[in-house]
Each structure stands twice: as C-alpha cells, then as structure tokens.
There are 2 protein chains.
Amino acid sequence: MKLLDIAEVAKRSGLPASTLRFYEEKGLIESLGRRGLRRTFEPDIIGRLALIALGRTAGFTLDEIAAMFGRELPAQLDRELLSAKAEELERMIGQLTALRNGLRHAATCPAPSHMECPSFRRLLKIAAARSNRTPPKGRRKS
Amino acid sequence: MKLLDIAEVAKRSGLPASTLRFYEEKGLIESLGRRGLRRTFEPDIIGRLALIALGRTAGFTLDEIAAMFGRELPAQLDRELLSAKAEELERMIGQLTALRNGLRHAATCPAPSHMECPSFRRLLKIAAARSNRTPPKGRRKS
DNA sequence: ATGCCACTTCAAGTTGACTTGAGGTCAAGC
DNA sequence: GCTTGACCTCAAGTCAACTTGAAGTGGCAT
C-alpha cells in the first residue's frame with residue numbers, strides 16, 4: 001500500500017504539514033483522499049514538491065507554478081519561459097560571482113576602511129547596478 | 001554647494017523618494033538638514049546607498065545592515081560575517097549554475113514530458129535539496 | 001500676492017508565502 | 001468506553017520592504 005499520509009510527506013519533503021495544506025489550497029498539489037480525516041497522497045507527490053521547489057528556486061511565484069501545472073500541452077510557451085529564466089539566472093550568476101569575489105576580498109582586505117579600497121569600490125558599482133533589478137527578499141528560516 | 005535634495009538623490013540612486021524617507025526612518029541613512037521642508041543630503045549618500053544595495057544583494061536584511069553601520073570598530077566580526085556571506089554565495093552560485101544548466105536543457109529537451117528526462121530529474125534533486133535553505137522570495141518590480 | 005507643485009508627515013495598505021491559534025474530530029491504544 | 005494526540009478547518013496574524021493616500025507646507029515663478 002503506497003499512499004502516504006501527510007506526516008510522511010512532511011518528513012520526506014522537509015516541508016511542514018501546514019505548508020502542504022497551503023499548497024493544496026493553492027492548487028499546487030492535491031491529496032488523493034482521506035484516511036479518517038487525514039489527507040493521503042500518492043507517492044509521486046514528492047516529485048511534484050521537488051518540481052515546485054525547482055520553480056521557486058528559479059524565481060517563479062507559486063501562482064506561476066500553479067498556472068504551469070494547469071495547462072497541458074503548449075509546452076511551447078513553457079520552453080520560452082524556461083529559456084528566459086535560464087538567461088536571467090545566467091546574469092544573476094555573473095553578478096553573484098563578482099559579488100562573492102568582492103566579499104572575499106573585503107573580508108581579508110587590509111585597507112583601514114573599506115571605502116578606501118578600490119576593489120571594494122568596484123564592488124559597490126556592481127551592487128548599485130544590481131539593485132535596480134530583482135531586489136532579493138529574504139525570509140530566512142531559523 | 002554640494003548638498004543634494006531628495007529628488008536629486010532619488011534620480012542618482014534610482015530609488016524613489018519614499019524609499020529614501022523609509023531608509024532614513026530605519027536609521028540607514030541620515031539627512032543633513034532641510035531646505036524649507038525638503039531634506040538635503042551630503043553627496044556621499046550615494047556611496048552609502050550603494051553600500052546598502054550591496055548588503056541587500058548579499059542577503060542581509062535592512063536591520064542587519066543598520067546594525068553594521070551602527071558600531072564602529074570591531075571590523076573583526078564584520079570580516080567574519082563577510083566571509084560567511086561569501087561562502088553562502090559560493091554555494092548559491094553552484095546551485096544556480098546547476099539550475100541554469102537544467103533549465104537550458106529542459107527548454108530544448110525533446111522528451112515528451114520533462115519527467116521522462118533523466119537530466120531533468122537530476123535537476124529536481126538539486127532543487128529539492130536547495131529548497132530547505134534560503135527560500136527565494138521575489139518582489140519583482142514591474 | 002497668488003498659485004503651483006514638489007515636497008512633507010503619519011497611518012494604513014500591499015505582496016508573497018506561509019504560520020499560528022482556537023476549537024473540533026477521529027482512529028487507536030488502554 | 002474513554003482518553004490521547006495527531007490531524008482537521010478557518011480566520012487571522014506575521015514578516016520584510018516598501019508604497020499609497022490624505023492632508024498640510026513652503027519656495028519660487030508669474
């Protein structure tokens with residue numbers, strides 16, 4: 001018998017049950033039925049949750065992800081979107097790389113004040129340029 | 001005469017005036033005085049705003065950034081923090097790179113369903129692993 | 001001296017992704 | 001048969017980083 005109850009899914013996916021209920025409400029996942037009042041899921045829910053995680057990582061909102069699951073075939077548009085996201089990631093990677101180098105330097109730079117370090121000042125330009133697009137907004141978990 | 005009024009700062013930094021007021025309220029920047037009722041800033045506000053942008057890009061919250069500006073000397077801790085952030089970025093870059101590769105592949109993959117593509121399934125594992133740390137949360141500006 | 005209009009304040013609203021709390025239910029173990 | 005505890009629902013709360021709106025002010029061009 002392969003049905004997983006919500007606690008099992010929570011354990012395997014690392015997501016709290018409340019998030020799974022929330023995702024279901026949003027239409028991102030569906031439960032197959034109930035055992036008593038407990039939701040049960042098909043085992044491939046794990047794959048779908050991974051897919052959702054992927055989408056989030058790539059910067060899609062939950063609504064966008066839900067929309068993608070919604071329609072069936074026109075993978076045409078999907079692929080365009082995927083390409084676009086890949087490009088976006090490409091740029092982001094470039095900037096983050098520069099940023100990482102800058103931070104590394106700043107961490108070990110002997111200049112009395114960071115502002116006096118030319119390398120640091122280059123870094124600032126990158127950040128300033130970057131700041132106009134896609135402000136990162138962190139809910140860190142701890 | 002070098003003082004900039006808020007509109008000038010807004011234009012040069014690309015940030016709306018409301019954000020500048022908000023930053024001031026938060027203690028991230030300070031205005032030097034008023035010309036009439038209008039705030040005026042020293043020109044190096046631009047540098048500071050770049051620094052704030054840098055911090056945000058690196059994943060600090062505004063409160064963390066404010067705290068950093070607060071204390072003066074113990075650059076010791078600063079540098080540790082910077083190293084830590086650099087490491088974090090390093091990991092993030094690795095994952096985003098894998099992700100970008102995966103997206104690129106998915107965009108051109110001929111498999112009828114993505115789920116049937118082994119390359120795509122590898123991608124899912126990365127995303128699933130990534131999903132536990134630092135959920136990205138996008139306010140896109142458009 | 002008058003009116004415009006970009007600025008001001010302060011409170012409240014927004015967004016996305018959840019989490020929390022109160023009050024209820026049910027299968028299982030004693 | 002009764003308690004227990006993990007689940008349930010639904011509404012409301014939270015968090016970060018801003019934005020928006022209403023009502024007011026003051027420098028400057030006419």
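Remember, it's a predicted structure, so these values are computed and weren't measured experimentally. Just so we're on the same page: letters track the sequence lines, and every chain starts at 1.
Distance check, rounded to the nearest 0.5 Å: CG of A:L32 to CD of A:E42 gives 4.5 Å.
The CZ atom of A:R35 sits 13 Å away from the C1' atom of C:dA28 (whole-angstrom rounding). The nearest whole Å value for the distance from the CG atom in B:L28 to the P atom in D:dA17 is 9 Å. Atom NZ in B:K26 sits roughly 11 Å away from atom P in D:dC15 (whole-Å rounding). Separating the CD atom of A:E25 from the P atom of C:dA17 is a distance of 14 Å, rounded to the nearest angstrom. Spacing between atom CG of A:L49 and atom C1' of C:dC18 amounts to 15 Å, rounded to whole angstrom units. Nucleotide D:dA17 holds its C1' atom 14 Å from the CG atom of B:L20, rounded to whole Å. Summarising the geometry, the separation between CD on A:E64 and C1' on C:dG16 is reported as 12 Å, rounded to the nearest angstrom.
When the nucleotides D:dT9, C:dT8, D:dC18 are ranked by their closest atom to the side chain of B:R34, C:dT8 comes out on top.
Using a 4.5 Å cut-off on side-chain heavy atoms (C-beta onward), B:L49 and B:V9 make contact.
A search for side-chain hydrogen bond (donor to acceptor under 3.5 Å, both in side chains) contacts involving B:E8 returns B:R12, not counting sequence neighbours. Every residue two or more places apart in sequence or in another chain that forms a side-chain hydrogen bond (donor to acceptor under 3.5 Å, both in side chains) with A:S31 is listed here: A:E24.
Nucleic acid contact for A:S18: base, since at least one base atom lies under 4.0 Å from a heavy atom of the residue.
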All N/O contacts under 3.5 Å from nucleotides 4-7 of chain C to the protein, with atom names and distances to one decimal?
{"from": "C:dA6", "atom 1": "N3", "to": "B:R38", "atom 2": "NH2", "distance (Å)": "3.2"}

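Shown here for B:E30 and B:F41, the closest heavy-atom pair between the two residues is O-CD2, 3.6 Å. Scanning all heavy atoms of the two residues, the minimum distance from A:I29 to A:R48 falls at CG2-CD, 4.0 Å.
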